[in-house]
Each structure stands twice: as structure tokens, then as C-alpha cells.
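A short worksheet on the structure shown next.
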Amino acid sequence: MSSTEQGPFTKTSDFDSWVKAVWQVVDGIPRGHVLTYGEVARLAGMSRAARRVSQAMRRAPRGMKLPWHRVINVQGRISFPQDSSGYQRQKELLEEEGVVFLKGKIDLERFGYQGALDHLLWGEPM
DNA sequence: GGGCTGACCTACT
DNA sequence: CAGTAGGCCAGCC
């Protein structure tokens, strides 16, 4: 038993399996909510692979209709350059679902998974 | 094999 | 709050 376990995916050949796990996690994000790259990586089984989540989503087939726009960075911001078409497209899709941008940022306490659970337990803040 | 890039994250200043 | 530094690791040259 190693004390420095990193996860079930230690070989490159396992990366493809992990990619599919990422697709499932992203596909499970409810409308109107978001997850960070790090959260998706952890839920898929590799806590330190936040940077690989974008690779995984880019590999997804078009027909899958993956809700890629519900994945943002831990700062609550969209990870595309602000002047890119990808940024605009992602922001539109999210606002269409009721996600609110405040000064270019999304309140993770409110629209993230953890935030949703907290609201159920503690009630709506404000 | 080596070096660079990137839809990232944490910690520190 | 902004900026920096180190860590992460698959993919591409």
C-alpha cells in the first residue's frame, strides 16, 4: 500500500478511460449549475488533473452534446480569452440557464454543486 | 529523448 | 485584488 496514492489512473493507457469518466461527470451537471475544472477532475478520479479536463472535453464527439459550458475555472471565470468567440458563446449559454455574471465572475457559492447543497441545508443567503 | 504549450490549481507576496 | 512561482501531465513538434 503506497501512502502517496494519486488515483486509479497511473498508466497512459488509462487516460482514455478517464476521459470517458470526465464526459459522464460533465454530462451530469444540472442545468443552471457549474463545476470547476478541478472538481470535474476529482469526481472523475484524478484530483490533480484539472488541466487535462479541457483536453478531455475537446475530444468529445459533436453528437454527444456535452454541456461543456458548465465547466469554469476556480475563480468563477470563463477560461477563454475575453475577446474570443468561445468566451461569448459560453457566457450566453450560461446566462440562458439563469447563471448570473457579476463583474465577469460567477458566484460559485451559489451556482456550484457545493453551493447548491449549502443552500439546501442553510437556506438562501440574503 | 528533449522542450514547449495549455478551456488549470494552490500558495505566496 | 493583482501578479508571480511552482506543480501538474498529455500532446505535439
Side-chain angles (χ1 to χ4, degrees):
Chain A
M1 298 295 277
S2 68
S3 57
T4 56
E5 185 178 31
Q6 294 188 10
F9 303 98
T10 55
K11 286 178 289 193
T12 303
S13 57
D14 291 329
F15 186 67
D16 290 332
S17 304
W18 182 77
V19 167
K20 292 178 183 174
V22 168
W23 294 346
Q24 291 192 342
V25 170
V26 174
D27 196 48
I29 305 175
R31 184 183 164 83
H33 287 279
V34 297
L35 281 184
T36 68
Y37 294 92
E39 286 286 351
V40 173
R42 192 179 335 177
L43 292 171
M46 279 206 304
S47 56
R48 298 172 190 170
R51 220 166 180 167
R52 251 61 58 207
V53 171
S54 56
Q55 293 179 250
M57 291 194 291
R58 206 163 213 194
R59 286 197 199 182
R62 279 188 163 278
M64 181 172 281
K65 295 174 181 173
L66 200 70
W68 58 270
H69 57 281
R70 295 179 191 149
V71 183
I72 61 176
N73 65 35
V74 75
Q75 302 175 17
R77 301 179 128 282
I78 289 174
S79 291
F80 284 114
Q82 197 164 4
D83 58 356
S84 68
S85 59
Y87 181 97
Q88 281 301 322
R89 191 154 49 241
Q90 185 168 9
K91 187 178 180 184
E92 282 180 19
L93 289 169
L94 287 172
E95 290 181 327
E96 197 175 307
E97 300 183 353
V99 176
V100 178
F101 283 77
L102 209 57
K103 299 171 186 170
K105 291 188 294 185
I106 296 171
D107 185 1
L108 292 177
E109 293 294 307
R110 188 173 176 185
F111 298 104
Y113 260 11
Q114 194 58 54
L117 289 176
D118 286 346
H119 286 184
L120 287 175
L121 296 172
W122 294 81
E124 290 291 327
M126 283 203 296

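Each chain gets a letter, A, B and so on, in the order the sequences are listed, and its residues count up from 1. Since the structure is predicted, the reported quantities are computational estimates derived from the model, not experimental observations.
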With the side chain defined as heavy atoms from C-beta on, A:Phe15 is closest, among B:dC9, B:dA7, C:dA10, to C:dA10

Among A:Asn73, A:Leu94, A:Ile78, A:Val100, exactly one meets side chain to side chain contact (heavy atoms under 4.5 Å, CB included) together with A:Ile106. Which residue is that?
A:Leu94

How many whole angstroms separate atom [atom1] of [X] from atom [atom2] of [N]?
{"X": "A:Leu108", "N": "B:dC8", "atom1": "CG", "atom2": "C1'", "value": "14 Å"}
{"X": "A:Arg52", "N": "C:dC8", "atom1": "CZ", "atom2": "P", "value": "10 Å"}
{"X": "A:Arg58", "N": "B:dT5", "atom1": "CZ", "atom2": "C1'", "value": "12 Å"}
{"X": "A:Arg89", "N": "B:dA7", "atom1": "CZ", "atom2": "P", "value": "14 Å"}
{"X": "A:Met46", "N": "C:dC9", "atom1": "CE", "atom2": "P", "value": "8 Å"}
{"X": "A:Arg48", "N": "B:dC9", "atom1": "CZ", "atom2": "C1'", "value": "12 Å"}

State whether the distance check finds a donor on one side and an acceptor on the other, under 3.5 Å, for side chain A:Arg51 versus base C:dC9.
no

Please tabulate the protein-to-nucleotide N/O contacts below 3.5 Å involving nucleotides 10-13 of chain B, giving atom names and distances.
none

State, yes or no, whether a side-chain contact exists between [X] and [Y] at a heavy-atom distance under 4.5 Å.
{"X": "A:Glu39", "Y": "A:Tyr113", "value": "no"}
{"X": "A:Val19", "Y": "A:Phe15", "value": "yes"}
{"X": "A:Pro67", "Y": "A:His69", "value": "yes"}

Show, in sequence, the C-alpha distance, side-chain angles and deciding distance for A:Asp16 and A:Lys20, and conclude whether the side-chain contact (heavy atoms from CB on, under 4.5 Å) test is met.
CA-CA 7 Å; A:Asp16 290 332; A:Lys20 292 178 183 174; 5.7 Å; no

So, A:Gln90 side chain and A:Val71 main chain: donor-acceptor pair closer than 3.5 Å or not?
yes

How close do A:Ala41 and A:Ala49 get, heavy atom to heavy atom, and via which atoms?
CB-C, 3.7 Å

For atom CD of A:Glu95, decide whether the heavy atoms of other residues, nucleotides or ligands shown that lie under 6.0 angstrom number more than 12.
yes

Please list, for nucleotides 1-4 of chain C, all pairs of protein and nucleotide N/O atoms separated by less than 3.5 Å.
{"from": "C:dC1", "atom 1": "OP2", "to": "A:Lys105", "atom 2": "NZ", "distance (Å)": "2.9"}

Rounded distance (nearest 0.5 Å) linking atom NE2 of A:His33 with atom CZ of A:Arg110
10.5 Å

Remember a base hit wins even if backbone is also touched, and classify A:Ser54 as base, sugar-phosphate or nothing at under 4.0 Å, heavy atoms.
base

